[in-house]
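Working notes, beginning with the structure itself.
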Protein chains: 2
Amino acid sequence: MAEPTTLRETVRDTVRGAGRSSGRGAETRERILDAALASFGTIGYDGTSLDDLAGGLGIRKQTILYHYVSKRGLLGAVVDRSAADLNVALLEVLAGEATDWERVEALVRSVFRVALEQPLLMGLLREVSRPGSPAAPRLKGAMGPLMDRAQAWMEREMDAGRMRRTDAQLVLISAYSTVVGLATEIEVLRAAGLEPTMRTVATRRRELLRFLRASLDPLR
Amino acid sequence: MAEPTTLRETVRDTVRGAGRSSGRGAETRERILDAALASFGTIGYDGTSLDDLAGGLGIRKQTILYHYVSKRGLLGAVVDRSAADLNVALLEVLAGEATDWERVEALVRSVFRVALEQPLLMGLLREVSRPGSPAAPRLKGAMGPLMDRAQAWMEREMDAGRMRRTDAQLVLISAYSTVVGLATEIEVLRAAGLEPTMRTVATRRRELLRFLRASLDPLR
DNA sequence: CCCTCTTTCTACCAGATGGTCAGGGGACTT
DNA sequence: AAGTCCCCTGACCATCTGGTAGAAAGAGGG
């Protein structure tokens with residue numbers, strides 16, 4: 001894996017992805033991805049039928065298979081694009097000027113913003129980060145580099161004494177699962193008859209930040 | 001719904017459940033439930049095939065259907081038994097002598113103990129507390145009464161000034177999703193190549209207790 | 001010995017699913 | 001106008017799905 005030279009380059013590469021993106025069918029491909037994300041993220045991969053998916057889009061199942069070869073291929077494409085969305089959000093923060101603790105806080109806020117704007121994406125993450133999921137390795141491939149970078153950055157900060165020394169990977173995974181858990185929480189709230197409000201999300205965010213501060217801030 | 005007279009009675013009722021439990025087929029029924037719990041909790045309801053399930057047990061699919069009528073019926077039975085397990089663990093604490101904050105802490109420890117001993121159960125919870133899950137109402141029916149009781153107790157404590165006044169239901173759901181999120185976290189850890197240790201679980205528990213203390217303890 | 005109840009099996013089915021194959025039609029090039 | 005490429009579709013298929021019908025094999029009681 002060649003390390004990208006600048007953050008901007010990484011953003012561009014991530015945004016484009018590997019698929020052909022020009023041509024008349026590009027819009028169809030995007031619509032398929034949108035619907036697939038919604039379906040995978042709610043009723044799950046196994047619960048999604050290509051026929052239903054196509055029916056909802058007013059196209060035939062064969063069109064989906066033409067663009068994405070197989071159902072697995074479609075899942076892979078959805079995961080890739082979603083991971084790219086997250087990458088963009090995070091890399092924007094990393095390219096910003098915030099430093100030290102401010103940067104951590106900015107990252108958390110950025111992720112929560114994505115979670116609020118695209119709740120479906122959280123559903124997909126939950127679906128994919130599951131024991132038997134066929135896309136688990138794919139997700140690892142798409143998000144892994146960013147995680148590695150974050151971990152490396154944290155360890156550099158620790159070396160410089162600007163962060164308390166702990167297990168960076170453990171903290172990252174903890175934060176990750178908190179965010180994904182948010183999707184579950186919102187669903188449970190809805191099942192309990194409560195319409196989820198900004199308040200629950202804000203509470204979770206505050207809680208996560210408190211945890212991170214307790215783990216990382218050298219002054220406390 | 002008739003309110004049970006004593007806690008002990010509730011425990012007994014919950015443990016037994018509604019199914020016939022004597023007879024030669026009882027062992028088979030239990031084995032089926034065990035395997036179904038494992039399968040539903042990992043690869044999910046839709047991902048589970050009755051043929052595979054039976055194959056793993058060395059029996060025919062029709063035997064499963066004989067005992068549990070339909071796939072849905074099987075899921076219902078699994079959810080019921082799992083909820084009963086949780087109920088037993090929690091009611092034991094509620095029948096104990098701990099009071100006030102000690103009781104909250106005992107409850108949390110009890111749930112985490114169950115989560116550690118039966119990780120599959122957490123997987124099932126995650127699977128079931130999902131938007132399209134066919135067993136969501138069932139889970140609500142099985143766990144709802146306990147949640148209501150917990151909520152009522154908390155509100156009584158608040159009235160008596162032994163607990164800080166907050167939205168009891170919100171706190172409960174928050175705690176619930178933290179525990180369920182633990183299942184996700186453990187899986188992600190495993191995917192990242194780290195064998196989950198006691199430490200991660202302990203961290204989560206400490207974190208949850210801190211959150212609860214901040215929300216509920218009137219002295220802080 | 002027969003009768004009944006329980007448990008498990010074999011045989012079978014209708015429907016749905018993911019996927020293949022060949023073809024049609026539009027747009028752009030030469 | 002012919003060729004070529006991209007996009008989409010209808011027809012078809014092998015396989016797997018949950019579920020039904022009926023019978024065999026015991027066990028136990030009369």
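Values in this document were obtained by computation on a predicted structure and should not be read as measured data. Convention: sequence-line order gives letters A, B, ...; per-chain numbering from 1.
Heavy-atom distances to DNA chain C give each of A:Val69 and A:Asp52 a nearest nucleotide, and the one nearer the 5′ end belongs to A:Asp52.
No hydrogens or angles were tested; on distance alone, a donor-acceptor pair under 3.5 Å links the side chain of B:Lys61 to the base of D:dG18.
In this model, the phosphate group of C:dT8 is approached by a side-chain N or O of B:Thr28 to a distance below 4.0 Å at OP1 or OP2. An OP1 or OP2 oxygen of C:dG18 is reached within less than 4.0 angstrom by no side-chain nitrogen or oxygen of A:Ser70. Between A:His67 and the phosphate of D:dC6, there is no side-chain N or O to OP1/OP2 separation shorter than 4.0 Å. Between B:Ser49 and D:dT17 there is a side-chain N or O to OP1 or OP2 distance below 4.0 Å.
Judged purely by distance below 3.5 Å, without hydrogens or angles, the side chains of A:Arg29 and A:Thr63 never pair a donor atom with an acceptor atom. If you check the side chains of A:Arg204 and B:Thr178, you find a donor sitting under 3.5 Å from an acceptor. A donor and an acceptor atom, one from each side chain of A:Thr184 and B:Arg130, are nowhere located under 3.5 Å apart.
Computed from coordinates, the A:Ile32 CD1 to D:dC8 C1' distance equals 10 Å when rounded to whole Å. C:dG19 atom P lies 10 Å from atom CG of A:Leu74, rounded to whole Å. Taking atom CZ of A:Arg60 as the reference point, atom C1' of D:dG10 lies 10 Å away to the nearest angstrom. Between the CD1 atom of B:Ile59 and the P atom of D:dA25 there is a distance of 19 Å, given to the nearest Å. The separation between B:Leu53 atom CG and D:dT17 atom P is 11 Å, rounded to whole Å. A:Tyr66 has its OH atom 17 Å from the P atom of D:dG10, to the nearest Å. What separates CG of A:Leu57 from P of D:dC7 is a distance of 17 Å, to the nearest Å. Between the CG atom of A:Asp51 and the C1' atom of D:dG10 there is a distance of 13 Å, given to the nearest Å.
Residue A:Arg29 places its side chain closer to D:dC7 than to any other of C:dC21, D:dC7, C:dT10. Taking only side-chain atoms of B:Leu50, from C-beta outward, the nucleotide of C:dT10, C:dT8, D:dG19 with the closest atom is D:dG19. Here D:dT20 is the nucleotide among C:dT7, D:dT20, D:dC6 with the atom lying nearest to any side-chain atom of B:Gln62.
Interatomic distance, CG of B:Leu90 versus CE of B:Met143, reported as 6.0 Å (0.5 Å rounding). Rounded to the nearest 0.5 Å, atoms CG (A:Leu212) and CD (A:Glu207) are 11.0 Å apart.
B:Leu65 comes within contact range of at least one nucleobase, with a heavy-atom separation under 4.0 Å.
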